[in-house]
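Each remark here refers to the structure printed beneath this line.
Index from 1, following the sequence.
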Amino acid sequence: MAWRTTTTLGRRRVNGFRRTGAGIELRLPQLESTLLTELLEQVEGLLQPPPVDDPLEALVGLRDTAPPPPEDPAVARLLPDPYPDDPMASGDYRRRRTDDALARRRDAARRVLAAVPAPGAVLVLDDESAQDWLTVLNDLRLVLGTRLGLTDDESTEELDRLVPDDPRAPVAAVYNFLTELLDELTRTML
């Protein structure tokens, strides 16, 4: 999503990320602002921690037993198993890290959601905020990529060949939008 310049009623308007003296600026038109808001609200729901049966565990924040691996493939993609060949190590890792990893992602998603600029408004990001946006945009792409069944470069390239009436086309368009936005932010941060 290169900086798009459009003319609206004789005024020049630019959308996307760009670096300025104040920081990294972001402007979004109505459709993209609304879409991003809806996606962030949905992904926040995915990032809820597994239930804790023991109230003491919930209070302390450290589980006595490992939660099961995520059933939702999109959540599993966000929380990859670092020890796929060692069930004991995987369980111990999930016991110690799942809640914290989900909380960090959920908190970043909430901060980004609260900051999504109104259409035409300018949001200025500092380095910490830009990192939140980078994390959240990547998480959104991972979730949609999982929903689309993307597993490698070939399956990703297949998205460009979808016919308009393919039921995956709208999700693929959103995935491509997020890819462009993430790429633009990454370039701007360099």
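- Counting non-hydrogen atoms of other residues, nucleotides and ligands closer than 6.0 Å to CG of D127 gives a total of 12 or fewer.
- Closest of all the heavy-atom pairs between S90 and P84 is OG-N, 4.2 Å.
- When all heavy atoms of V116 and S33 are compared, the pair lying nearest together is CG1-OG, 3.6 Å.
- The shortest non-hydrogen separation linking L102 to L47 is CB-O, 3.6 Å.
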Give every donor-acceptor pair under 3.5 Å between a side-chain atom in residues 117-126 and any protein atom, sequence neighbours left out.
from, atom 1, to, atom 2, distance (Å)
D126, OD1, E128, N, 3.2
D126, OD1, S129, N, 2.7
D126, OD1, S129, OG, 2.9

- Query: Given the rule in the side-chain contact (heavy atoms from CB on, under 4.5 Å) test, do E158 and R168 qualify, once you have shown the distances and angles that lead to the verdict?
  - Reply: CA-CA 11 Å; E158 182 184 318; R168 297 172 296 165; 3.2 Å; yes
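- With salt bridges taken as basic N to acidic carboxylate O contacts below 4.0 Å, one links R18 and E25.
- Distance CG/L178 to CZ/R141: 8.0 Å, rounded to 0.5 Å.
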Apply the test side-chain hydrogen bond (donor to acceptor under 3.5 Å, both in side chains) to residues E41 and T37: give CA-CA distance (whole Å), side-chain angles for both, the deciding distance (0.1 Å), then the verdict.
-> CA-CA 6 Å; E41 289 170 349; T37 298; over 6 Å; no
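- Atoms CZ and CG, from F177 and L39 in turn, are 8.0 Å apart once rounded to the nearest 0.5 Å.
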- prompt: Does the side-chain contact (heavy atoms from CB on, under 4.5 Å) test come out yes or no for Y83 and D92, once each step is laid out?
  reply: CA-CA 10 Å; Y83 308 105; D92 188 51; over 6 Å; no
Under the side-chain hydrogen bond (donor to acceptor under 3.5 Å, both in side chains) criterion, do D153 and T156 qualify, and how do the steps go? CA-CA 5 Å; D153 289 341; T156 303; 5.2 Å; no
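- The CG atom of D107 sits 12.0 Å away from atom OG1 of T135, with the distance rounded to the nearest 0.5 Å.
- Separation of atoms OG1 (T186) and CG (L134) is listed at 4.5 Å; rounding is to 0.5 Å.
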Just distance, no hydrogens or angles: give the donor-acceptor pairs under 3.5 Å from side chains in residues 67-79, sequence neighbours left out.
from, atom 1, to, atom 2, distance (Å)
D72, OD1, A74, N, 2.8
D72, OD1, R147, NH1, 2.8
D72, OD1, R147, NH2, 3.4
D72, OD2, R147, NH2, 2.9

| What do the steps show when you test L150 against Y175 for side-chain contact (heavy atoms from CB on, under 4.5 Å), and what is the final call? | CA-CA 11 Å; L150 304 181; Y175 177 84; 3.5 Å; yes
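- Under 3.5 Å, the side chains of T34 and Q30 contain a donor-acceptor pair of N or O atoms.
- In this structure, the side chain of R19 engages the main chain of T188 through a donor-acceptor pair within 3.5 Å.
- L113 places a side-chain heavy atom less than 4.5 Å from the side chain of E44.
- Residues A172 and L148 approach most closely at CA-CD1, 4.0 Å, considering heavy atoms.
- When the options T179, L36, L144 are evaluated for a side-chain contact (heavy atoms from CB on, under 4.5 Å) with V174, the one that passes is L144.
- Distance CG/L35 to CG/L28: 9.5 Å, rounded to 0.5 Å.
- The two residues A109 and L40 have their closest heavy-atom pair at O-CD2, 4.2 Å.
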Query raised in the report: Which is it for N176 and D160 under the side-chain contact (heavy atoms from CB on, under 4.5 Å) test, yes or no, and what are the steps along the way?
Result: CA-CA 9 Å; N176 287 333; D160 295 330; 4.2 Å; yes
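- With rounding to the nearest 0.5 angstrom, the CH2 atom of W133 is 14.5 Å from the CG atom of N138.
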